[in-house]
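Please read the structure below before turning to the comments.
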Amino acid sequence: MDGCALLPVNSPGHLPSHHEVTRFHCHSDSEDEYVIIELEDLENLSVAPDKRSSFEPGSNSAEATAQELCRAFRKYWLQTDSAVQLSDCLSSSKQRSVRKEEIPRELESSLNLAEEIKIISKLRGSSGWSPPRSQIIFNIHPSVKRDAVVAAQNFTCVGCGTPIESKYIRRLRYCDYLGKYFCDCCHSYAQSSIPARILSKWDFKKYYVCNFSKHLLDSIWQHPIFNVSCINKTLYTKSKEMDRVREAQEQLFHLKKLLKTCRFAESVLKEFEQVPSHLTEELHLFSLDDLVKIKRGQLLPLLKDILKSSTSHVDGCELCQAKGFICEFCQSADLLFPYQTAKCKRCPECKTCFHKACFKYGGCPKCLRISARRTLSETPSLVPQ
Ligand SMILES: [Zn+2]
Ligand SMILES: [Zn+2]
Ligand SMILES: [Zn+2]
Ligand SMILES: [Zn+2]
């Protein structure tokens, strides 16, 4: 077989001084609103030096890598606040974008190949090859001619660095996740759904990926690292299933908080364990596995069941009822709870609940009382001391 040899990789002369990923880069692309996240030198941090010469199938390097990736992702970038706007996410990611793109995002086929190679080798260093970066890719790769991509790869397999003779270029295999070509040792025609295609087009079709990507994607599959509100809000309008899940999720989020304060709610809280806890403790946050289940219609019925048990508990529980709000605008006896997202409006300042129809901005009775008290205490007394 040709193209099988793995290039030796120089081991670093010393062990990394720390194992935590401390550098984290966000690239944002204002044109298509996708973001690429890279962990620079992650391989150095998470893979033992003696194992760096190959990415063997079955080795757990992808798993370890993915865990580091998820941890760093959560720590540095993840937005879990329901109020976060896409623009905020993008602008904050711009602030962290401290490094220039290393590889041109789109290679124009008209560009002279030799020039491209010069650019690439200048950018990537003279050694020409480094192992694929563990990264969560949020953009769909534009379709670029095979020759141009392989030239940009410096005529080597991206997975192992083996030089590719031009007569073998057509035998290289494309990885839809990384958008690069691989030799037959590094690419075994494994298939996977692609996060970017799911998140931008609600496309769950399987595409060919290299062995490295297959391991990486399998490893992150269960991790809740995709904040749909941040990455692509339009998914909620594009997919009815997603929108219904979002509604149920918001109600369950508030219900769980309420139930946790009730000593009679133990059994109903048990029902929440049918789904991963992030689904009822965070808003907009999903794993790839969640998204697949939503698409298949497997998740919503579960959420609806939990919702039903929870609301019937609250309706019949004295302790929970005691925590309901009376709308101070209309003073009706109708109790309000934050989970009643269809009829309840919370004051953005003091979080008190009111009927949506009754609430007037700037007129919240509780906020007015608070500010009146403050004014009173700050006004100097007119009574002579
Ligand atoms: Zn290879
Ligand atoms: Zn209760
Ligand atoms: Zn009211
Ligand atoms: Zn208020």
Side-chain angles (χ1 to χ4, degrees), residues 1-9 52-57 59 128-132 149-150 153-165 168-169 171-175 178 180-190 208-215 254-272 306 308-329 335-339 344-356 358-374:
M1 278 202 296
D2 60 281
C4 242
L6 296 173
L7 283 188
V9 175
R52 293 197 65 228
S53 55
S54 66
F55 285 88
E56 291 165 35
S59 79
W129 178 81
S130 53
V149 177
V150 175
Q153 293 175 202
N154 220 359
F155 298 99
T156 56
C157 165
V158 166
C160 62
T162 302
I164 309 296
E165 283 180 57
Y168 293 125
I169 286 177
R171 291 175 55 178
L172 290 175
R173 299 168 180 182
Y174 186 66
C175 170
L178 290 172
K180 303 270 164 55
Y181 285 90
F182 292 79
C183 75
D184 52 0
C185 279
C186 297
H187 194 309
S188 315
Y189 287 123
Y208 289 122
V209 291
C210 71
N211 302 344
F212 176 85
S213 300
K214 179 65 178 167
H215 281 291
H254 292 297
L255 274 165
K256 194 173 190 178
K257 278 190 185 170
L258 174 64
L259 293 171
K260 276 182 167 172
T261 68
C262 173
R263 67 175 187 272
F264 302 132
E266 208 172 294
S267 67
V268 70
L269 274 171
K270 263 255 170 291
E271 293 197 28
F272 280 74
I306 303 171
K308 214 169 149 192
S309 320
S310 304
T311 50
S312 76
H313 168 90
V314 173
D315 289 344
C317 172
E318 261 179 58
L319 276 186
C320 287
Q321 287 293 303
K323 285 164 191 147
F325 291 84
I326 297 268
C327 171
E328 280 193 60
F329 281 104
L335 279 181
L336 283 169
F337 293 91
Y339 75 84
C344 171
K345 167 77 193 171
R346 302 191 86 177
C347 168
E349 294 297 320
C350 68
K351 308 291 178 204
T352 308
C353 293
F354 303 98
H355 289 115
K356 248 180 195 167
C358 298
F359 186 78
K360 289 182 199 73
Y361 278 95
C364 167
K366 189 173 176 187
C367 284
L368 290 177
R369 275 201 303 280
I370 293 169
S371 76
R373 254 201 311 271
R374 194 173 297 144

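Just so you know, ligand 1 is whichever comes first in the structure, and atom 1 is the first atom listed for that ligand.
- The aromatic rings of F329 and F359 stand perpendicular to each other, their planes meeting at an angle above 60°, with 30° marking the opposite boundary.
- A distance of 5.5 Å separates SG in C344 from CG in L336, rounded to the nearest 0.5 Å.
- Contact of the C183 side chain with the C160 side chain is registered, since non-hydrogen atoms from C-beta on lie closer than 4.5 Å.
- At a cut-off of 2.8 Å, C185 is not counted among the residues with an N, O or S atom near the Zn ion (ligand 1).
- None of R369, K366, K345 except one satisfies the salt bridge (charged side-chain N to carboxylate O under 4.0 Å, His left out) rule with E328; the exception is R369.
- Here the angle centred on the Zn ion (ligand 4), running from SG of C367 over to SG of C364, is 110°, rounded to 10°.
- The Zn ion (ligand 1) is the vertex of the angle joining SG of C157 and SG of C183, which measures 110° to the nearest 10°.
- With the Zn ion (ligand 2) as the vertex, atom SG of C262 and atom SG of C320 span an angle of 110° (nearest 10 degrees).
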